[in-house]
Enquirer: 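Here's a structure for you.
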Amino acid sequence: MGELAAFIILAIVTLLPAVVVVTSRNLVRAAMSLIPSFLGVTGLFVLLQAEFVAGIQILIYAGAIAVLILFVIMLTQGGTGTALRQVNEQQLVGGLVAGALTIALLGLLLRTPWPLVAGTLPRSNVAAVGGAFLTNFILAFEISSLVLLVSLVGALVIARREQ
Amino acid sequence: MPPASDLALLVPELWLAALGLVLLGVDLFVGEQNKRTVGWVAVGGLLLALVPTWGLAGAVHRPGTTVFFGSYAVDGFAVFFKFLAIIATTLVILASMDYFRASGDRQGSTQRFEGEFYTLLVFTGLGLVLMAASADLILVALSIEFVSLTSYVLAAYLKGNPKSNEAGLKYFLFGAAASAVMFYGFSLLYGLTGSTSLYVIAEKVATVPAPALTVSLALMLAGFGFKISMVPFHQWTPDVYEGAPTPVAAFLSVGSKAAGFAVLLRVVAVAIAPSGLDYVTLIAGLSAVSMFVGNLLALPQRNIKRMLAYSSISHAGFILIGVAAFGGAFGNTGLLIYLFAYMFFTLGAFFIAALIEARLGSDDIPDYAGLSQRAPGLAFLMALFMLSLTGIPPTAGFFAKFYIFAAAIERSPALLWLVAVGVVNSVISLYYYVNVIRTMYLLPPQDPARIQEPAVLRTALWVTGAATLLLGLYPQPLITFARAAALLLP
């Protein structure tokens, strides 16, 4: 019971700010609302006993990405204080498609018998994550560094001021 | 730890990564006027990368051979796409060098960040190689993002041109949405089977309930469909091709599409097919819709790049016939042959569009009037590419279409209707391809001045033209090569 109650509270904490993110006309408010939403997701990770991912979620998403977005708004000309409509004339069609997809996915998630794995969780999964990075997923780990490098080069090319 | 011998099977990838890093360094020491040097180093490095790739092709491995704990496949299928990615990248860099110079001459300015352009192209080539060989969902996701990120930048490279900016932004927004949906499909597949490795999923997928697997496949198709510009995930294609620098449009149309098909086929053939799910009907339906939508929307186009974009959508439909025919004796082979042949004549058509755009500043088909007098060589090559895109003998396009239709007929009588749709669509496409030839040969030129052909671009053009003819007249080596590569996919 306690777990279910915690899940419901965390789900509300995640979803309500998320709605504000996609509806608010104020860019800064939308960006700030990301932070409670990220924190809700962090709670879900803790609930799943994935404490390493929860820590990363706070550091990277709540800490870095949300702040980065605020900086971008601050440094963009006319970014702050402007009111923006977040929807266009296709909102009805988009809403219908999204609604249909939601119902289909919900039906699927509720009806599918998900395979469960038996066993006990380790006391700490940080070491397991580290081990996985350097064994099974070493290639993915190394390629991520290349992806970051090319993203950096690409971002500089796009962002450098023209002479 | 993986044995060190695993690294020996990764030499082409390591070489390409090193080449990209070296190019970043070389770019620092080259003056603003000589950025072509970076391009030449890139071309040299790419050609050298063919040597270890050839070595890998010689050491034929069993189907399903993987390295790095089953995350990376080293089979003939992957080697085939290594060749394709390296050749396409080389040709696109050759074309870009003259495209930038000719555009710069006409506008009296130089392209900024030209060195980085070649570097990003080499890295994108590496991304394509990784995509085709990934055997783990995490690696698949990462390599697709790798290619997407560099492609967004390349599409928006002409920063002074609002259309190029729009192309980059549109591609980014569509790509981000498609990737998000695809990752959700990956997560469902992982939840259902408990593994991210395609080969482990293959062992467990038979016990997965069919509705869940179908939804997972449909969500994944959103991401793959975006990369191969399949209907209904095609909307970005015309706008991005029109706005992006033309060599980049060529690269997207050939490179990303081929790698997207490689991922699609590997995921479907390895992970989904053992479940016994009827994916063929789904793929065949998407194939027919792509052909019709692409061809019918190509008919009224005046802009050559938009026309080629819709043609690219319809060709995605043709190649999907090969995916639907997977499992037959010729299905995989047909798909590989089509992609390889398609690379040459599509690159060629885009390169001519690039040259005309750089020289005349126009992408409109009516401005091609009288090209047969202004540049007879170009007009001849363009006519050849158009015939090959239609699929008329003796070009490579005919041979590719012949093989893929044969594959579908051989696979199952239930696919005969798809072949009929394909034939009808080839006839529809004849109209707009031949219209280009008619404009070039029969209409009088508005300005009789000859069009100069830059030397490097001409080399790239003649390579693509010669390959288009040669593959049509003497396809046997390609068949042998593709058949060996296709056998190695379980």
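Letters A, B, ... mirror the listed sequences (proteins, then strands); counts begin at 1. Owing to the predicted nature of the structure, the values given are computational and were not obtained by experimental measurement.
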Enquirer: Looking at CG of A:Leu146 and CG of B:Leu21, how far apart are the two atoms once the value is rounded to the nearest 0.5 Å?
Expert: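 Separation between the atoms: 6.5 Å.
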Enquirer: Select all residues of residues 124-133 of chain B having any heavy atom within less than 4.5 Å of some heavy atom of chain A, and report them by number, or 'none'.
Expert: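 So the qualifying residues are B:Leu126, B:Leu130.
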Enquirer: Name all pairs fulfilling the ring pair (Phe, Tyr, Trp, His ring centres under 6.0 Å) condition that reach into residues 2-50 of chain A, sequence neighbours left out, sorted by first residue then second.
Expert: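 Every ring pair (Phe, Tyr, Trp, His ring centres under 6.0 Å) pair that includes a residue of residues 2-50 of chain A, provided the two are not neighbours, is A:Phe38-A:Tyr61.
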Enquirer: What's the separation between atom CG in A:Leu148 and atom CZ in B:Phe146, rounded to the nearest 0.5 Å?
Expert: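 Taking CG in A:Leu148 and CZ in B:Phe146, the distance rounds to 10.5 Å.
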Enquirer: For A:Leu108, is it the side chain, the backbone, both or neither that has a heavy atom under 4.5 Å from a heavy atom of chain B?
Expert: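 Just its side chain gets close to chain B.
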Enquirer: Within residues 162-183 of chain B, which residues come under 4.5 Å of chain A, heavy atom to heavy atom?
Expert: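 So no residue qualifies.
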Enquirer: Check each atom of B:Pro211 against the heavy atoms of chain A and say whether the ones under 4.5 Å are side chain, backbone, both or neither.
Expert: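 Both parts, backbone and side chain.
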Enquirer: To the nearest 0.5 Å, tell me how far B:Asp136 CG sits from A:Asn136 CG.
Expert: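 These two atoms lie 8.5 Å from each other.
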Enquirer: Side chain, backbone, both or neither: which part of B:Leu120 has an atom under 4.5 Å from a heavy atom of chain A?
Expert: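 It is the side chain, since no backbone atom gets that close.
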Enquirer: Can you name the nearest heavy-atom pair linking B:Ile138 to A:Ala140, along with the distance?
Expert: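 Scanning both residues, the minimum pair turns out to be CG2-CB, 4.1 Å.
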Enquirer: Taking side chain as everything from C-beta outward and backbone as N, CA, C, O, which of these in B:Thr196 sits under 4.5 Å from a heavy atom of chain A? Side chain, backbone, both or neither.
Expert: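 It is the side chain, since no backbone atom gets that close.
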Enquirer: Atom CZ of B:Phe113 and atom CG of A:Leu156: how far apart are they, to the nearest 0.5 Å?
Expert: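 Reported to 0.5 Å precision, the distance equals 8.0 Å.
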Enquirer: Mind checking ring pair (Phe, Tyr, Trp, His ring centres under 6.0 Å) for B:Phe117 and listing every partner two or more places apart, or none if nothing turns up?
Expert: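 Checked B:Phe117 against ring pair (Phe, Tyr, Trp, His ring centres under 6.0 Å); matches are B:Phe100, B:Tyr157.
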Enquirer: Should we count CH2 of B:Trp236 as having more than 12 external heavy atoms under 6.0 Å?
Expert: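 Enclosed: over 12 neighbouring heavy atoms sit under 6.0 Å from CH2 of B:Trp236.
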Enquirer: To the nearest 0.5 Å, what is the distance between CD1 on A:Ile143 and OH on B:Tyr72?
Expert: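 One finds 6.5 Å between CD1 of A:Ile143 and OH of B:Tyr72.
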Enquirer: Which bit of A:Val150 comes within less than 4.5 Å of chain B, counting heavy atoms only: side chain, backbone, both or neither?
Expert: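 Contact with chain B: backbone and side chain both.
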Enquirer: Just how far is it from atom CZ of A:Arg160 to atom CD of B:Glu116, taken to the nearest 0.5 Å?
Expert: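 Nearest 0.5 Å value for the CZ-CD distance: 8.5 Å.
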Enquirer: Among the options B:Leu154, B:Val153, B:Thr193, pick out the one with the most heavy-atom pairs lying under 4.5 Å from chain A.
Expert: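 The residue among B:Leu154, B:Val153, B:Thr193 with the greatest pair count is B:Val153.
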Enquirer: Give me the atom names and distance for the closest heavy-atom approach of A:Trp114 to B:Leu188.
Expert: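 Shortest heavy-atom contact: CH2-CD2, 3.7 Å.
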Enquirer: Looking at chain B, which one of A:Leu139, A:Thr112, A:Leu105 has the largest number of heavy-atom pairs inside 4.5 Å, strictly under?
Expert: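 Looking at each of A:Leu139, A:Thr112, A:Leu105 in turn, A:Leu139 comes out on top.
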Enquirer: Which of the residues A:Val153, A:Leu109, A:Leu101 is involved in the greatest number of heavy-atom pairs with chain B at under 4.5 angstrom?
Expert: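 Maximum pair count with chain B is reached by A:Val153.
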